[in-house]
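This structure is a prediction, so every number in the text was calculated from the model and none was measured. The figures that follow rest on heavy atoms only: side chains count, while hydrogens, waters and symmetry mates do not.
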Amino acid sequence: MAASGGYNYRDGTQRSSHKVDRPLSLNSNPKSSVKSKALPASGPRRNSTGSIGGGGAGPATSKNDTGVPGRVRVAVRLRPRNAEEMVADADFADCVELQPELKRLKLRKNNWDTDTYEFDEVLTEFASQKRVYEVVAKPVVESVLEGYNGTVMAYGQTGTGKTYTLGRLGEEDTAARGIMVRAMEDILADVSLESDSLSVSYLQLYMETIQDLLDPANDNISIVEDPKTGDVSVPGASLVEIRDHQSFVELLRLGEAHRFATNTKLNTESSRSHAILMVNVKKSVKGRDSALPSQNGNNSHMVKSLKPPVVRKSKLVVVDLAGSERIDKSGAEGHTLEEAKSINLSLSALGKCINALAENSAHVPVRDSKLTRLLRDSFGGTARTSLVITIGPSPRHRGETASTIMFGQRAMKVENMLKLKEEFDYKSLARRLDIQLDKLIAEHERQQKAFEDEIERITIEAQNRISEVERNYADGLEKERVKYQKDYMESIKKLEEQLVMNQKKHGSEKITNGPEDDGSNVTTIKESCRVHVEEIDDLKKLFQKETLLRKAAEEEVQNLKIQLAQWKRSEAAGNSEILKLRKMLEDEEHQKEKLEGEIATLHSQLLQLSFEANETSQRLDRNEPGKVGGLESLMTQVRHPQLKDSGNEEKTSIAKLFEQVGLQKILSLLEAEDNDVRIHAVKVVANLAAEEANQEKIVEAGGLTSLLMLLKSSEDETIHRVAAGAIANLAMNETNQELIMTQGGISLLSMTAANGEDPQTLRMVAGAIANLCGNDKLQSKLRGEGGIKALLGMVRCGHPDVLAQVARGIANFAKCESRASTQGTKTGRSLLIEDGALSWIVQNANNDASPIRRHIELALCHLAQHEVNAKDMISTGALWELVRISRDCSREDIRTLAYRTLTSSPTFQAELRRLRIDN
């Protein structure tokens, strides 16, 4: 069906014009990489051994953050003939011939002539989806699971099977599953969803707008580029957590339904947009936590170290590019024609970037299209990239097939720098500390409650026992008193009754017997009195006994009173102990609040210091003319969130760290005995020195002196590297340059250069000396203290970044000499020539690295402006380089300067006439 002004989704529904915008996230924190053999920039290709992912070692941790080169790996896949081609091309042979065992492809130019190309993998029309995944994408997926960014991309003419290769869901036939589905199966099998996280974004780039395939209403997403690091992100895109394979397949189905497609002459369901699937993986690194013993008062217990767990962040990007097409063949018209133009423009911009990277061009036009901005990390960046180019067999489309093959050949020349990203999981540490604190508080409250309950129980028990003793004593005393009283009254009553009876008996006997019985009566009375006396004695004894018993009872009562007084004193002591414990609890509360504050402070400082360490290491890999290795922009406010399940929190900025800790405390840590403390402190100072506003404060506080002392006293390579970088940034200021020279800085830098072996350390030292070389007043002193010889000595390293800084320093020195000669303040030969720098300058005047070549060309022009140097330059061959620069230099200002210098020098003009060279 001919293309019309409208277009369809893949689910068949109509929709009006839609917009999209979606980039690849560019973040990597290098620690090691997968090694691969780099192909030569030109000449016949030699295929590398192993799969398309490249044969190399797995990630190995290292102290520095340098990456390892990894070439883009390219596979070619041939689509079988379709029904139309079997009829139309029945009398013609295929335009391509595959030799998979040799990893070679032959493209027929005519019946007798062919072109041969070699790729990392050649997949015939019979290659299974599983085979394609294993050689193209599986090595990239394995690298992503190890912490590296990875990209898998399909490129080719429309209708050659790109979407089939990448996005096939395989619901009817599992063997037909594409790379997206198979990659997620491997990722889900490797990650632990309890400790790791997995999230997905699915976008399309349509008519130069980025649209969210998971949320069609979100149809104009912006690309955000970090001005400091160059990282590209799309914060407006939907980010969906993946918990199982089925949910991922549902997301793919939903995204494919929203993707734009239409019917053309070349493809009944032609994709009209570039689809980009981004899988974000965050994995915890096992075995990196530690426990340390600590003392708190008299209680010893184990607490977790404040070192947070380590997580690795990586991203897998799968890119299904829309097919390139010729308008006359596809029959596009109306809106479909505009779509085809947009697709071809973006693919053309991608091709230009690939060409520039393959040719090591100084300028890569990455900003010409949103597609190239999104793929910035995939080509020439930090991701491990595999490209599968899809072609058809039809001789009618030989031109498109040849264009696709040449795109793959150029892509094989692109080198990426694979980098690992690890960072500390401070959210997890804070959550763990909060849980421990809550447990300690709960345990403390439980013990406090148990103690108060025990005191209350003891007090009630004591009061009950005292009350019971008092009650028993009173009851016993009352019973004894009643008993004794009753016995006493009964005894008195008996005596009275007996006395009355005796008196009655005595009176009756007296009347009856008369006087004669007086003698017997007296005897009877005596006997009765004796009996009464005995009874009275018995009563006295009983009374004495009762008196003793009463005294014993009183003593027991007294003892009980003493016990009661003791219980009361014990209760008072208990109340006093309770007051003390309450005071201790209040102290514990205050101590808890203080500890929480200290934990928060340590938390923020650890965040800042760790981020500074990681960011410093990243930016040490950069090289800029003014400031060395990215230190100029290291300290910015920490900007990205931590774990997603804890909400957004603002990070402590450098200004807040400055206020909280204070510059003097930071500088004092430079003299700490602990080497790790010194390393962190010098990184913080280096970060502060990267900001021009802080440099004066650092110098006034003695920071420059401390940094120079570290170069002199420390033997740690990391301290040397970061301290030299901080000095390089301080040396951007003319006043600081004079202070550095006054304090013997050039001698210390020269000594560090002589003893150093690490390229990054040498680059920092060379950058510092290069900045000092730009000061007119310090020329003689710098040369006298060995600055020029130190620069030339560092070329032994051979690292391009070091050589670029050496070349910059020589160019600065030559420029100052030229200015001094013009002003008449200097005469005689150049000090650079006297120190033997000219031969090295001539050797590197045509260096492949553009930063080195540019500075060398400037140095030659400045040296040639002083006539006294002309003979030396002629004898060393520098004149030939000046002639070349005046004709072939890519920069017009340098070319003009070289030409003007040649024409203004009589010595040069005479030599050119002698050699019969036209200038």
Side-chain angles (χ1 to χ4, degrees), residues 19-28 70-74 149-158 162 166 201-211 220-227 229-237 271-278 315-325 338-389 403-404 406-417:
K19 299 182 180 179
V20 173
D21 180 316
R22 185 59 205 253
L24 284 174
S25 172
L26 305 178
N27 49 5
S28 63
R71 177 174 61 78
V72 174
R73 319 296 289 176
V74 181
N149 287 347
T151 300
V152 179
M153 187 170 72
Y155 177 92
Q157 182 188 10
T158 182
K162 299 182 297 301
L166 296 181
S201 295
Y202 199 12
L203 311 170
Q204 68 174 347
L205 177 60
Y206 175 74
M207 300 285 285
E208 281 302 298
T209 59
I210 300 179
Q211 303 175 2
N220 192 11
I221 303 173
S222 299
I223 299 177
V224 177
E225 185 171 346
D226 191 321
T229 64
D231 290 348
V232 175
S233 60
V234 278
S271 300
R272 313 310 290 167
S273 65
H274 307 297
I276 303 166
L277 175 71
M278 291 192 288
K315 179 180 293 186
L316 172 64
V317 180
V318 184
V319 185
D320 180 10
L321 295 174
S324 59
E325 60 185 58
E338 296 301 319
E339 291 174 336
K341 289 179 180 179
S342 176
I343 291 170
N344 289 340
L345 283 174
S346 61
L347 293 177
S348 174
L350 177 60
K352 290 178 181 178
C353 290
I354 297 295
N355 290 344
L357 290 169
E359 296 171 1
N360 292 322
S361 175
H363 172 66
V364 179
V366 71
R367 303 190 67 85
D368 287 358
S369 169
K370 286 186 178 180
L371 176 63
T372 54
R373 292 178 66 189
L374 290 174
L375 297 179
R376 184 172 187 169
D377 194 41
S378 303
F379 292 97
T382 63
R384 182 175 188 177
T385 300
S386 284
L387 170 66
V388 55
I389 59 173
S403 175
T404 301
M406 293 311 300
F407 179 88
Q409 290 285 291
R410 288 189 293 270
M412 291 177 71
K413 297 179 182 180
V414 177
E415 287 279 351
N416 290 354
M417 188 66 68

Heavy-atom distance under 4.5 Å between the side chains of Leu387 and Phe407, does that happen here? yes

Check against side chain to side chain contact (heavy atoms under 4.5 Å, CB included), Arg71 and Arg73: CA-CA 6 Å; Arg71 177 174 61 78; Arg73 319 296 289 176; 2.6 Å; yes

Excluding sequence neighbours, so at least two apart, what forms side-chain contact (heavy atoms from CB on, under 4.5 Å) with Ser346? Glu208, His274, Ser369, Leu371

Please find the pair of heavy atoms, one from Ser378 and one from Ala383, that lie closest to each other, and give the distance. CA-CB, 4.3 Å

Please report the C-alpha distance between Leu321 and Met153 in whole Å, then the side-chain angles of each, then the deciding distance to 0.1 Å, and finally whether the side chain to side chain contact (heavy atoms under 4.5 Å, CB included) criterion is met. CA-CA 7 Å; Leu321 295 174; Met153 187 170 72; 3.8 Å; yes

Without swapping roles, check the side chain of Asn416 against the backbone of Gly380 for a donor-acceptor pair under 3.5 Å. yes

Any side-chain to backbone donor/acceptor pair from Lys162 onto Gln157? Under 3.5 Å, distance only. yes

Could you measure the distance from the CD atom of Glu415 to the OG1 atom of Thr385? Nearest 0.5 Å is fine. 11.5 Å

Rounded to the nearest 0.5 Å, what separation is found between the CZ atom of Arg373 and the NZ atom of Lys370? 7.5 Å

For Thr404, give me all partners under side-chain contact (heavy atoms from CB on, under 4.5 Å), at least two apart in sequence or on another chain. Tyr155, Ile389, Ile391

Heavy-atom nearest pair, Leu357 first then Phe379, reads CD1-O, 3.4 Å

Here the gap from Leu205 atom CG to Ile343 atom CD1, rounded to the nearest 0.5 Å, amounts to 9.5 Å

If every non-hydrogen atom of Asp320 is compared with every non-hydrogen atom of Leu166, which pair is closest and at what distance? CA-CD1, 3.6 Å

Could you pull out the closest heavy-atom pair between Ser273 and Tyr206, with the gap in Å? CB-CB, 3.9 Å

Approximate separation, where rounding is to 0.5 Å, of Leu316 CG and Asn149 CG: 9.5 Å

What pairs of residues pass the salt bridge (Lys or Arg N to Asp or Glu O under 4.0 Å) test when at least one of them lies in residues 357-367, not counting sequence neighbours? Glu225-Arg367

Roughly how far, to the nearest 0.5 Å, is the CD1 atom of Ile354 from the CE atom of Met412? 12.5 Å

Heavy-atom closest pair (Gly408 atom, Val74 atom, distance to 0.1 Å) is O-CG2, 3.6 Å

Closest contact, heavy atoms only, Pro365 versus Thr372: O-OG1, 4.3 Å

